[in-house]
Amino acid sequence: MPELPEVETYKRYLDGTSLNQIIISVKVIDNRVLNIDESYLRKFVIGNKFKSSIRHGKYLLVNLEQDYLIMHFGMTGDLKYYNKKGDEPKFSKVIFHFENDFNLTYTSRRMFGRIDIAESIEDFIEKKNLGPDAYKMSLEEFKGALKRRSGIAKNLLLNQSFVAGIGNIYSDEILFKTKLYPKTKIDTLDESKIHELFTNIKEVLQVGIERKGDLSNYPNHFLIPHRKKDEHCPICNTGIERNEISGRHGFYCPNCQKKSP
DNA sequence: AGCGATGTTCGCCG
DNA sequence: TCGGCGAACATCGC
(Lines give C-alpha, C1' and ligand atoms only; values in the text may rest on other atoms or scores of the structure.)
Protein backbone atom coordinates (compact mmCIF):
# COMPACT_ATOMS: atom_id res chain seq x y z
CA MET A 1 0.00 0.00 0.00
CA PRO A 2 2.90 2.24 0.25
CA GLU A 3 3.05 5.86 -0.67
CA LEU A 4 4.44 8.30 1.84
CA PRO A 5 1.53 8.19 4.34
CA GLU A 6 1.57 4.40 4.39
CA VAL A 7 5.32 4.25 4.89
CA GLU A 8 5.04 6.84 7.66
CA THR A 9 2.46 4.57 9.26
CA TYR A 10 4.84 1.61 8.97
CA LYS A 11 7.57 3.72 10.54
CA ARG A 12 5.42 4.54 13.55
CA TYR A 13 4.41 0.91 13.80
CA LEU A 14 8.02 -0.23 13.77
CA ASP A 15 8.96 2.47 16.29
CA GLY A 16 6.13 1.37 18.54
CA THR A 17 6.95 -2.30 18.47
CA SER A 18 10.45 -3.21 17.47
CA LEU A 19 13.02 -0.76 18.82
CA ASN A 20 15.83 -1.61 21.23
CA GLN A 21 15.44 -5.34 21.25
CA ILE A 22 18.31 -7.59 20.33
CA ILE A 23 17.70 -9.35 17.04
CA ILE A 24 18.42 -13.02 17.63
CA SER A 25 17.93 -14.35 14.15
CA VAL A 26 16.73 -13.49 10.69
CA LYS A 27 14.69 -15.83 8.55
CA VAL A 28 14.83 -15.18 4.83
CA ILE A 29 11.92 -16.87 3.15
CA ASP A 30 12.53 -15.39 -0.28
CA ASN A 31 15.85 -13.78 -1.04
CA ARG A 32 14.55 -12.06 -4.15
CA VAL A 33 13.56 -9.12 -1.95
CA LEU A 34 17.16 -8.70 -0.82
CA ASN A 35 19.44 -6.28 -2.61
CA ILE A 36 22.28 -7.80 -0.65
CA ASP A 37 23.51 -11.26 0.22
CA GLU A 38 21.69 -13.04 2.96
CA SER A 39 24.94 -13.49 4.87
CA TYR A 40 25.65 -9.79 4.60
CA LEU A 41 22.21 -8.95 6.01
CA ARG A 42 22.77 -11.32 8.93
CA LYS A 43 26.15 -9.86 9.62
CA PHE A 44 24.72 -6.38 10.00
CA VAL A 45 21.56 -7.27 11.85
CA ILE A 46 22.05 -10.21 14.18
CA GLY A 47 23.09 -9.21 17.68
CA ASN A 48 22.17 -5.63 16.91
CA LYS A 49 19.10 -3.59 17.73
CA PHE A 50 16.87 -1.29 15.75
CA LYS A 51 17.75 1.97 17.47
CA SER A 52 15.44 4.37 15.65
CA SER A 53 14.05 4.93 12.21
CA ILE A 54 13.78 7.62 9.61
CA ARG A 55 11.49 7.78 6.65
CA HIS A 56 12.59 9.47 3.47
CA GLY A 57 10.00 9.43 0.73
CA LYS A 58 8.79 5.88 0.41
CA TYR A 59 11.90 4.44 2.04
CA LEU A 60 12.17 3.42 5.66
CA LEU A 61 15.70 3.62 7.03
CA VAL A 62 16.17 1.77 10.29
CA ASN A 63 19.17 2.76 12.31
CA LEU A 64 21.21 -0.18 13.56
CA GLU A 65 24.13 0.61 15.85
CA GLN A 66 26.03 2.11 12.94
CA ASP A 67 24.49 1.22 9.64
CA TYR A 68 21.00 1.39 8.23
CA LEU A 69 18.59 -1.31 7.25
CA ILE A 70 16.67 0.06 4.29
CA MET A 71 13.18 -1.11 3.54
CA HIS A 72 11.20 -0.27 0.48
CA PHE A 73 7.74 -1.69 0.08
CA GLY A 74 7.01 -1.64 -3.62
CA MET A 75 3.31 -1.80 -4.26
CA THR A 76 2.36 -4.51 -1.82
CA GLY A 77 4.76 -4.42 1.12
CA ASP A 78 3.82 -4.34 4.78
CA LEU A 79 5.19 -4.93 8.28
CA LYS A 80 3.70 -7.10 10.97
CA TYR A 81 4.80 -7.62 14.54
CA TYR A 82 3.60 -10.88 15.94
CA ASN A 83 4.35 -13.48 18.53
CA LYS A 84 2.86 -16.87 17.96
CA LYS A 85 4.51 -19.16 15.49
CA GLY A 86 1.30 -19.95 13.69
CA ASP A 87 0.60 -16.27 13.15
CA GLU A 88 3.23 -15.78 10.49
CA PRO A 89 1.48 -13.55 7.98
CA LYS A 90 0.92 -14.53 4.40
CA PHE A 91 3.57 -13.25 1.99
CA SER A 92 6.21 -12.98 4.71
CA LYS A 93 9.58 -12.67 3.03
CA VAL A 94 12.03 -11.68 5.77
CA ILE A 95 11.41 -12.19 9.47
CA PHE A 96 13.41 -10.56 12.26
CA HIS A 97 13.22 -12.53 15.47
CA PHE A 98 13.72 -10.64 18.73
CA GLU A 99 14.92 -11.68 22.16
CA ASN A 100 11.40 -11.38 23.59
CA ASP A 101 10.24 -14.04 21.13
CA PHE A 102 8.30 -11.58 19.03
CA ASN A 103 8.94 -11.18 15.32
CA LEU A 104 8.83 -8.35 12.86
CA THR A 105 8.07 -9.59 9.39
CA TYR A 106 8.46 -7.82 6.10
CA THR A 107 5.80 -9.02 3.73
CA SER A 108 5.55 -8.55 0.00
CA ARG A 109 3.10 -10.05 -2.40
CA ARG A 110 4.36 -8.83 -5.73
CA MET A 111 8.02 -8.78 -4.81
CA PHE A 112 8.52 -5.19 -5.87
CA GLY A 113 9.85 -4.15 -2.50
CA ARG A 114 13.49 -4.39 -1.51
CA ILE A 115 15.62 -4.66 1.60
CA ASP A 116 19.09 -3.18 1.60
CA ILE A 117 21.87 -1.99 3.87
CA ALA A 118 23.40 1.50 3.72
CA GLU A 119 26.22 3.09 5.63
CA SER A 120 24.60 6.47 5.94
CA ILE A 121 21.38 8.24 5.11
CA GLU A 122 23.18 10.78 2.98
CA ASP A 123 24.92 8.08 0.93
CA PHE A 124 21.67 6.30 0.37
CA ILE A 125 19.74 9.39 -0.69
CA GLU A 126 22.52 10.32 -3.04
CA LYS A 127 22.79 6.84 -4.49
CA LYS A 128 19.07 6.72 -5.15
CA ASN A 129 19.07 10.32 -6.28
CA LEU A 130 16.08 11.15 -4.10
CA GLY A 131 14.68 14.64 -3.83
CA PRO A 132 13.62 16.20 -0.53
CA ASP A 133 10.98 14.36 1.45
CA ALA A 134 7.59 15.61 0.31
CA TYR A 135 6.18 15.84 3.81
CA LYS A 136 9.16 17.32 5.59
CA MET A 137 10.49 19.70 2.94
CA SER A 138 10.36 23.46 3.39
CA LEU A 139 8.96 25.84 0.82
CA GLU A 140 12.52 26.84 -0.02
CA GLU A 141 13.49 23.22 -0.65
CA PHE A 142 10.44 22.77 -2.84
CA LYS A 143 11.30 25.83 -4.87
CA GLY A 144 14.87 24.61 -5.11
CA ALA A 145 13.68 21.27 -6.41
CA LEU A 146 11.62 23.07 -9.04
CA LYS A 147 14.59 24.98 -10.42
CA ARG A 148 15.56 23.87 -13.88
CA ARG A 149 12.66 21.46 -13.96
CA SER A 150 10.26 21.19 -16.83
CA GLY A 151 7.72 18.58 -17.79
CA ILE A 152 4.16 17.93 -16.81
CA ALA A 153 2.87 18.28 -13.27
CA LYS A 154 1.78 14.68 -12.75
CA ASN A 155 5.10 13.24 -13.87
CA LEU A 156 7.02 15.66 -11.72
CA LEU A 157 5.03 14.74 -8.62
CA LEU A 158 5.71 11.08 -9.34
CA ASN A 159 9.40 11.69 -9.93
CA GLN A 160 11.20 10.66 -6.75
CA SER A 161 14.28 12.61 -7.80
CA PHE A 162 12.21 15.76 -7.74
CA VAL A 163 10.39 15.24 -4.46
CA ALA A 164 10.31 11.89 -2.66
CA GLY A 165 7.21 10.13 -1.40
CA ILE A 166 4.31 10.93 -3.71
CA GLY A 167 2.81 8.10 -5.73
CA ASN A 168 0.00 7.70 -8.18
CA ILE A 169 -2.99 8.09 -5.88
CA TYR A 170 -1.73 11.02 -3.87
CA SER A 171 -0.45 12.79 -6.96
CA ASP A 172 -3.98 12.73 -8.34
CA GLU A 173 -5.34 14.02 -5.05
CA ILE A 174 -2.80 16.85 -4.90
CA LEU A 175 -3.52 17.88 -8.49
CA PHE A 176 -7.23 17.76 -7.81
CA LYS A 177 -6.96 19.92 -4.72
CA THR A 178 -4.76 22.40 -6.56
CA LYS A 179 -7.10 22.37 -9.55
CA LEU A 180 -4.31 21.50 -11.93
CA TYR A 181 -4.79 19.55 -15.12
CA PRO A 182 -2.38 16.60 -14.81
CA LYS A 183 -0.52 17.51 -17.99
CA THR A 184 0.00 21.15 -17.03
CA LYS A 185 3.57 22.13 -17.80
CA ILE A 186 5.17 22.89 -14.51
CA ASP A 187 7.11 25.90 -15.78
CA THR A 188 3.88 27.71 -16.63
CA LEU A 189 2.85 28.01 -12.98
CA ASP A 190 3.11 31.38 -11.30
CA GLU A 191 4.39 32.01 -7.82
CA SER A 192 1.03 31.78 -6.08
CA LYS A 193 0.17 28.51 -7.81
CA ILE A 194 3.53 27.07 -6.81
CA HIS A 195 2.84 28.07 -3.25
CA GLU A 196 -0.61 26.53 -3.42
CA LEU A 197 0.83 23.32 -4.81
CA PHE A 198 3.32 23.17 -1.97
CA THR A 199 0.63 23.75 0.64
CA ASN A 200 -1.59 21.11 -0.88
CA ILE A 201 1.18 18.52 -1.01
CA LYS A 202 1.58 18.99 2.73
CA GLU A 203 -2.12 19.01 3.49
CA VAL A 204 -2.99 15.97 1.41
CA LEU A 205 -0.12 13.96 2.89
CA GLN A 206 -1.05 15.16 6.38
CA VAL A 207 -4.56 13.82 5.97
CA GLY A 208 -3.13 10.59 4.59
CA ILE A 209 -0.89 10.19 7.63
CA GLU A 210 -3.72 10.98 10.02
CA ARG A 211 -5.77 8.28 8.38
CA LYS A 212 -2.83 5.92 8.53
CA GLY A 213 -2.80 5.58 4.76
CA ASP A 214 -6.14 3.83 4.77
CA LEU A 215 -7.77 4.82 1.51
CA SER A 216 -11.01 3.00 2.13
CA ASN A 217 -12.88 5.69 4.01
CA TYR A 218 -11.91 9.15 2.85
CA PRO A 219 -14.19 12.18 3.13
CA ASN A 220 -16.41 12.56 0.11
CA HIS A 221 -14.85 15.84 -0.99
CA PHE A 222 -11.55 14.09 -1.73
CA LEU A 223 -10.92 12.58 -5.13
CA ILE A 224 -9.83 9.27 -3.58
CA PRO A 225 -13.36 7.86 -3.07
CA HIS A 226 -14.12 8.71 -6.69
CA ARG A 227 -11.20 7.05 -8.43
CA LYS A 228 -13.28 4.79 -10.57
CA LYS A 229 -15.28 4.73 -13.73
CA ASP A 230 -18.60 6.55 -13.84
CA GLU A 231 -17.86 8.57 -10.72
CA HIS A 232 -18.61 12.28 -10.47
CA CYS A 233 -16.62 15.14 -9.08
CA PRO A 234 -17.61 15.79 -5.45
CA ILE A 235 -17.18 19.54 -6.05
CA CYS A 236 -18.95 20.18 -9.36
CA ASN A 237 -20.54 16.85 -10.27
CA THR A 238 -18.77 16.65 -13.62
CA GLY A 239 -17.90 13.12 -14.71
CA ILE A 240 -14.46 12.08 -13.51
CA GLU A 241 -12.12 11.26 -16.35
CA ARG A 242 -9.31 8.80 -16.56
CA ASN A 243 -6.15 9.29 -18.48
CA GLU A 244 -2.85 7.56 -18.82
CA ILE A 245 0.46 9.27 -18.32
CA SER A 246 3.71 7.37 -18.57
CA GLY A 247 1.97 4.09 -18.05
CA ARG A 248 0.16 5.08 -14.86
CA HIS A 249 -3.48 5.82 -15.06
CA GLY A 250 -4.89 8.67 -13.16
CA PHE A 251 -8.20 10.35 -12.49
CA TYR A 252 -9.14 14.00 -12.63
CA CYS A 253 -12.09 16.32 -12.97
CA PRO A 254 -12.07 17.92 -16.43
CA ASN A 255 -14.04 20.89 -15.12
CA CYS A 256 -12.15 21.67 -11.91
CA GLN A 257 -8.79 20.82 -13.46
CA LYS A 258 -8.88 22.80 -16.68
CA LYS A 259 -6.13 22.56 -19.23
CA SER A 260 -4.86 26.12 -19.01
CA PRO A 261 -4.08 27.19 -15.48
C1' DA B 1 -10.28 -16.19 -16.74
C1' DG B 2 -8.27 -11.92 -17.81
C1' DC B 3 -7.19 -7.55 -16.09
C1' DG B 4 -5.32 -4.39 -13.18
C1' DA B 5 -2.50 -2.73 -9.20
C1' DT B 6 -0.51 2.69 -3.97
C1' DG B 7 6.54 1.25 -7.51
C1' DT B 8 11.13 1.43 -9.72
C1' DT B 9 14.26 0.97 -13.46
C1' DC B 10 16.00 0.83 -17.98
C1' DG B 11 16.33 1.51 -22.81
C1' DC B 12 14.55 4.08 -26.67
C1' DC B 13 13.36 8.23 -28.94
C1' DG B 14 12.63 13.16 -29.82
C1' DT C 1 20.66 16.11 -21.23
C1' DC C 2 16.12 15.83 -20.11
C1' DG C 3 11.45 14.27 -20.42
C1' DG C 4 7.95 11.10 -22.03
C1' DC C 5 6.93 6.51 -23.03
C1' DG C 6 6.53 1.58 -22.64
C1' DA C 7 8.14 -2.60 -21.08
C1' DA C 8 9.75 -5.50 -17.54
C1' DC C 9 9.56 -7.21 -12.96
C1' DA C 10 5.85 -10.82 -10.14
C1' DT C 11 1.64 -12.14 -8.00
C1' DC C 12 -2.99 -12.56 -6.71
C1' DG C 13 -7.67 -10.68 -5.94
C1' DC C 14 -11.69 -9.23 -8.26
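Values below: every heavy atom of this structure, side chains too, minus hydrogens, waters and symmetry copies. The structure presented is a predicted model; accordingly, all values stated were derived computationally and were not measured. Chain letters run A, B, ... following the sequence lines, proteins first, then strands; residues in each count from 1.
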Q.
Ring of Phe162(A), cation from Arg149(A) - is the NZ or CZ under 6.0 Å from the centre and inside 45° of the axis?
A. no
**Q.** Rounded interatomic separation in angstrom, taking CD from Glu244(A) and P from dG4(B)
**A.** 10 Å
Q) When you measure from every atom of DNA chain C, which of residues 147-161 of chain A have a heavy atom less than 4.0 Å away? A) Arg149(A), Ser150(A), Gly151(A), Ile152(A), Asn155(A)
Q) Quick one: Arg242(A) CZ to dG4(B) P, roughly how many Å, whole number? A) 7 Å
Q: For residues Phe176(A) and Phe251(A), establish whether the separation of their ring centroids is below 6.0 Å.
A: no
Q: Determine, for Lys143(A) against Glu191(A), whether the closest basic-nitrogen to carboxylate-oxygen distance falls under 4.0 angstrom.
A: yes
Q: Please state how far atom CD1 in Ile115(A) lies from atom P in dG7(B), giving the value in whole angstrom units.
A: 19 Å
Q: Figure out the CZ/P separation between Phe73(A) and dC9(C), and round it to whole Å.
A: 24 Å
Q) Under 30°, 30 to 60°, or over 60°: which ring-plane class applies to Phe102(A) and Tyr81(A), parallel, tilted or perpendicular? A) parallel
Q. Could you state the OH-C1' distance from Tyr170(A) to dG7(B), rounded to the nearest angstrom?
A. 15 Å
Q | Rounded distance in Å - NZ (Lys228(A)) to C1' (dG4(B)) | A | 15 Å
Q) Which residues pass the salt bridge (Lys or Arg N to Asp or Glu O under 4.0 Å) test with Lys136(A), sequence neighbours left out? A) none
Distances under 3.5 Å between nitrogen or oxygen atoms of protein and nucleotides 10-12 of chain C:
residue : atom : partner   : partner atom : Å
dA10(C) : O4'  : Arg110(A) : O            : 3.4
dA10(C) : N1   : Arg110(A) : NE           : 3.3
dA10(C) : N1   : Arg110(A) : NH2          : 2.7
dA10(C) : N3   : Arg110(A) : NE           : 3.3
dT11(C) : OP1  : Arg32(A)  : NH1          : 3.1
dT11(C) : OP1  : Arg32(A)  : NH2          : 2.7
dT11(C) : O2   : Arg109(A) : NH1          : 3.4
dC12(C) : O4'  : Arg109(A) : NH1          : 3.0

Q) Using Watson-Crick and G-U wobble pairs whose two distances are both under 3.5 Å, how do you write the pairing of DNA chain C as dot-bracket, with | for links to another strand? A) .||||||||.||||
Q: Just jot down the side-chain contact (heavy atoms from CB on, under 4.5 Å) partners of Lys11(A), sequence neighbours excluded, or say none.
A: Glu8(A), Asp15(A), Ser53(A), Arg55(A), Leu60(A)
Q.
For a quick check, with a 4.0 angstrom heavy-atom cut-off, what is the B/S/- contact string for nucleotides 9-14 of chain B, read 5' to 3'?
A. S-----
